[in-house]
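To keep things clear, I will list the structure first and then write my remarks on it.
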Amino acid sequence: MRRRRIYEGKAKVLFEGPQPGTIVQYFKDDATAFNNQKRGTITGKGVLNNSISEYLMLRLEAIGVPTHFVRRLNMREQLVREVEIIPIEVVVRNVAAGSISKRLGIEEGTTLPRPILEYYYKKDELGDPMVSEEHIAAFGWASSMDLDDMVPLALRVNDFLTGLFLGVGLRLIDFKLEFGRLWEEDEMRIVLADEISPDSCRLWDVKTNEKMDKDRFRHDLGKVEEAYQEVARRLGVLPDSIPAEGSRPMLVQ
Ligand code: TMP
């Protein structure tokens with residue numbers, strides 16, 4: 001079946017979906033870091049992130065967090081609702097790591113006094129700069145009403161996912177969310193979009209503090225594929241076999 005390709009990102013390709021208002025998200029094995037300066041492949045990542053994100057979005061839906069997720073189609077694709085992506089990445093941090101450690105000189109692993117929210121403007125050419133609510137409002141990237149929905153949702157997602165991951169022996173250090181505007185008739189709702197996976201979260205093993213996320217790729221720590229598989233295994237969504245990219249799509253049973 002030929003489908004119209006709408007957009008190709010660093011880790012996913014979006015195709016026109018089967019019904020109007022739907023999109024197919026195809027998960028690639030490609031990985032980038034530091035705004036595309038480092039590139040590589042993590043074999044099987046697309047399959048694992050597709051399943052992990054499906055699982056987390058469904059669990060969030062079950063507690064009433066609206067998402068764009070409809071259903072998984074096959075090993076590498078999921079059907080989602082078409083939304084207008086808000087060009088802001090919302091990062092929630094529980095423990096210092098990555099850019100906050102570097103920027104503010106906080107030792108990695110320091111528990112933060114409370115969850116900290118940060119905003120980044122989605123603009124590859126600029127390397128996704130950090131921005132404030134002032135910038136967001138002044139440039140109209142999101143309205144204050146949009147933010148009034150996004151902020152409590154991000155904190156709810158944080159509380160819920162912190163507990164969920166703790167239940168499988170992982171500490172949710174930080175993560176990034178994207179939101180979209182979903183139009184139904186003349187009504188607009190803010191929903192969670194994109195994906196939630198070890199590409200967009202930092203997850204450390206509770207006992208060993210071992211990094212179980214994309215930091216293994218970013219900093220060449222080795223056992224990258226194994227970390228993604230282990231996260232999927234702990235969540236109970238590790239597939240029996242992981243088909244290579246470009247193989248025939250395998251339908252969901
Ligand atoms: P940071 O410490 O590099 O700012 O990253 C914070 C969190 O956001 C981390 O879990 C990784 C995630 N993230 C993305 O998903 N996409 C990005 O482009 C960046 C910079 C971070």
Side-chain angles (χ1 to χ4, degrees), residues 7-12 25 27-40 42 45-46 48-50 52-53 56-57 60 67-68 85-112 114-132 135 141 150-151 153-155 157-162 164-166 170-180 192-205 209-221 224 227-228 231 235:
Y7 176 80
E8 176 147 10
K10 285 175 279 200
K12 292 188 291 296
Q25 278 193 339
F27 287 73
K28 299 190 279 187
D29 285 350
D30 296 354
T32 66
F34 313 117
N35 196 33
N36 236 347
Q37 289 178 55
K38 182 181 171 81
R39 292 173 209 212
I42 303 173
K45 172 171 83 77
L48 297 166
N49 282 359
N50 187 22
I52 292 169
S53 195
L56 297 175
M57 293 279 185
L60 286 165
T67 81
H68 71 157
I85 289 286
I86 292 170
I88 299 295
E89 299 192 342
V90 179
V91 168
V92 184
R93 301 181 186 272
N94 300 304
V95 175
S99 67
I100 197 175
S101 291
K102 217 169 151 191
R103 188 182 304 115
L104 303 181
I106 308 173
E107 196 189 343
E108 186 171 275
T110 309
T111 300
L112 298 167
R114 54 177 225 196
I116 295 177
L117 242 79
E118 294 173 349
Y119 305 108
Y120 294 85
Y121 177 44
K122 266 168 75 76
K123 198 78 177 167
D124 280 345
E125 306 93 278
L126 303 175
D128 297 350
M130 182 152 89
V131 294
S132 71
H135 299 111
W141 297 321
M150 290 158 63
V151 171
L153 281 174
L155 294 173
V157 169
N158 184 44
D159 284 346
F160 181 73
L161 291 187
T162 294
L164 185 149
F165 280 120
L166 208 51
L170 293 169
R171 281 174 81 196
L172 180 59
I173 304 302
D174 59 30
F175 60 96
K176 183 263 298 182
L177 295 178
E178 293 189 25
F179 294 91
L192 206 54
D194 195 51
E195 68 176 277
I196 309 176
S197 70
D199 271 12
S200 60
C201 299
R202 284 196 174 92
L203 300 163
W204 296 359
D205 183 84
N209 272 337
E210 220 181 331
K211 293 179 165 65
M212 307 283 284
D213 54 61
K214 200 166 110 179
D215 268 352
R216 301 204 72 84
F217 167 80
R218 290 192 188 97
H219 304 296
D220 300 312
L221 302 177
V224 185
Y228 281 74
V231 172
L235 295 174

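Counting from 1, the numbers follow the sequence of the chain as shown. Counting convention: from 1, in listed order, for ligands and their atoms alike.
Atom CG of Asp174 sits about 11.0 Å away from atom CD1 of Ile116, to the nearest 0.5 Å. Going from atom CD of Glu178 over to atom CD of Glu195 covers 9.0 Å, rounded to the nearest 0.5 Å.
A donor-acceptor distance shorter than 3.5 angstrom exists from the side chain of Arg216 to the backbone of Leu221, with no hydrogens or angles considered.
Heavy-atom distances between Glu89 and ligand 1 reach below 4.0 Å in at least one pair. Within the structure, ligand 1 lacks Ser101 among the residues with a heavy atom less than 4.0 angstrom away.
Judged as a salt bridge (Lys or Arg N to Asp or Glu O under 4.0 Å), and not counting sequence neighbours, the contacts of Asp30 are Lys28. Applying the side-chain hydrogen bond (donor to acceptor under 3.5 Å, both in side chains) criterion to Lys10, with sequence neighbours excluded, gives Asp124.
For ligand 1, the atoms sitting less than 4.0 Å from at least one non-hydrogen atom of Ser200 are 10 (O), 12 (C), 15 (O), numbered in the order shown with element in parentheses. Close contacts between ligand 1 and Arg93 involve ligand atoms 1 (P), 2 (O), 4 (O), 6 (C) [criterion: under 4.0 Å to a heavy atom]. The atoms of ligand 1 that sit less than 4.0 Å from any heavy atom of Gly98 are 2 (O).
Side-chain contact of Arg93 with Ser101: a donor-acceptor pair under 3.5 Å is absent, judged by distance alone. Side chains of Asn158 and Asn94: a donor-acceptor N/O pair is present below 3.5 angstrom, by distance only.
In terms of protein heavy-atom proximity, atom 4 (O) of ligand 1 is closest to Ser99 OG, 2.6 Å. Given atom 13 (N) of ligand 1, the protein heavy atom at minimum distance is Lys176 CB, 4.0 Å.
With distances taken over non-hydrogen atoms, the option nearest atom 7 (C) of ligand 1 out of Asp124, Asp174, Asp194 is Asp174. Taking each of Arg218, Arg202, Lys122 in turn, the one with a heavy atom nearest to atom 5 (O) of ligand 1 proves to be Arg202.
For Asp199, every heavy-atom contact with ligand 1 shorter than 4.0 Å involves the backbone, none the side chain. Here Glu118 has no heavy atoms under 4.0 Å from ligand 1, in either its backbone or its side chain.
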